[in-house]
There are 2 protein chains.
Amino acid sequence: MQIGELGEQLGVNPKTIRYYESIGLLPEPARSSSGYRVYDETDAERLGFIKAAQRLGLALDEVREILALRDGGQAPCAYVRTVISREVADIDQRLEELHRLRGELVALEQRARSASGEGTICGLIEHVRQKSAP
Amino acid sequence: MQIGELGEQLGVNPKTIRYYESIGLLPEPARSSSGYRVYDETDAERLGFIKAAQRLGLALDEVREILALRDGGQAPCAYVRTVISREVADIDQRLEELHRLRGELVALEQRARSASGEGTICGLIEHVRQKSAP
DNA sequence: GTAGAGGTTCCAGCTAGCTGGAAGGCAACC
DNA sequence: GGTTGCCTTCCAGCTAGCTGGAACCTCTAC
């Protein structure tokens with residue numbers, strides 16, 4: 001498939017795909033006779049992985065490192081294990097914090113639910129609306 | 001406490017704290033007679049919240065919105081509830097993705113653990129080391 | 001009273017991660 | 001064969017989120 005289709009499929013701008021290639025996140029793809037980039041499902045999976053990791057707050061540098069580990073899957077070693085452990089510990093902390101944040105929000109919502117019946121006017125709206133007004 | 005101490009406590013650069021104030025994430029603090037910013041535990045808690053939310057991948061704009069909800073806690077209403085629900089749904093998705101990513105990494109580590117005894121040399125090291133070399 | 005650490009404002013510049021535009025090539029349809 | 005649309009490279013510019021530096025003030029210790 002061409003770059004446009006890949007981008008469409010994953011919701012990623014073709015520009016971004018070329019950019020990822022330029023910084024070594026995606027391998028240089030095959031080219032058609034006319035020079036167009038040609039991608040396959042492996043590329044799509046990889047791009048999906050990048051986007052998922054990114055949504056979780058990983059920097060592209062970290063993603064690159066993880067992908068490198070994944071790519072060279074043949075003979076991992078002690079060093080690799082430490083890299084992975086660090087990453088997992090990091091994720092665990094994020095999980096915990098996300099849980100806490102979620103708890104806070106849910107508690108807020110409880111308060112919202114109990115405080116007002118179906119009222120649609122409150123000071124908060126004004127507050128929040130300021131976002132849209134310059 | 002002064003800006004330096006607050007920063008120290010939370011691991012945040014004083015510059016960053018002033019920046020947060022300038023974009024409305026932190027309220028304008030009290031000032032000492034000589035014009036120094038003076039903070040209390042409430043500010044520390046708020047800054048901690050901001051940093052936690054940020055580590056989870058929330059943009060400062062979103063953090064601002066959540067803080068606004070929190071601040072105006074007196075009379076939440078229907079609109080507020082929808083904002084919160086959206087945020088919670090978002091978090092749930094992130095939680096799920098984080099779990100998946102964690103699973104992948106742990107699987108990778110299993111492979112590492114079983115493949116090599118205590119070997120410290122492998123192709124991966126070279127690969128990963130390229131990061132440090134220009 | 002002077003040195004040094006830490007505070008102030010203001011303004012400029014930086015990194016990460018894209019994104020837009022120019023200038024042109026290729027493919028497919030009418 | 002011309003138009004439309006997607007592709008190419010290259011280079012510049014953008015937003016978010018800081019961060020560094022200049023120029024100056026203030027507190028504390030010697």
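Values in this document were obtained by computation on a predicted structure and should not be read as measured data. Note on naming: letters A, B, ... go to the chains in the order of the sequence lines (proteins, then strands), and numbering restarts at 1 for each one.
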> When rounded to the nearest 0.5 angstrom, what is the spacing between CD in A:E21 and CG in A:L47?
12.0 Å
> Indicate, with yes or no, if A:I3 and A:F49 share a hydrophobic cluster defined by side-chain heavy-atom contacts under 4.5 Å among Ile, Leu, Val, Met, Phe, Trp and Tyr.
yes
> How long is the straight-line distance from CG of A:L6 back to CD of A:Q9, given to the nearest 0.5 Å?
6.5 Å
> Less than 4.5 Å apart, any side-chain heavy atom of B:Q2 and any of B:V38?
no
> To the nearest angstrom, how far is A:E5 atom CD from D:dC7 atom C1'?
14 Å
> Hey, does A:K51 have a side-chain heavy atom less than 4.5 Å from the side chain of A:Y20?
yes
> For C:dT9, does either OP1 or OP2 sit under 4.0 Å from a side-chain N or O belonging to B:R37?
yes
> Could you grab the distance from atom CE of A:M1 to atom CG of A:D40, nearest 0.5 Å is fine?
6.5 Å
> What is the distance from CD of A:E28 to P of D:dT8, rounded to the nearest Å?
12 Å
> Evaluate the side-chain proximity of A:R18 to A:R37: yes if any heavy-atom separation is below 4.5 Å, no if none is.
yes
> I need a per-nucleotide contact map over nucleotides 10-23 of chain C, read 5' to 3'. Cutoff is protein heavy atoms under 4.0 Å; write B for the base, S for backbone only, - otherwise.
B------BBBBB--
> When you check every protein heavy atom under 4.0 Å of nucleotides 23-30 of chain D, what one-letter string (B, S, -) results, 5' to 3'?
---BS---
> Check the surroundings of atom CD in B:E45: do more than 12 heavy atoms from other residues, nucleotides or ligands lie under 6.0 Å from it?
yes
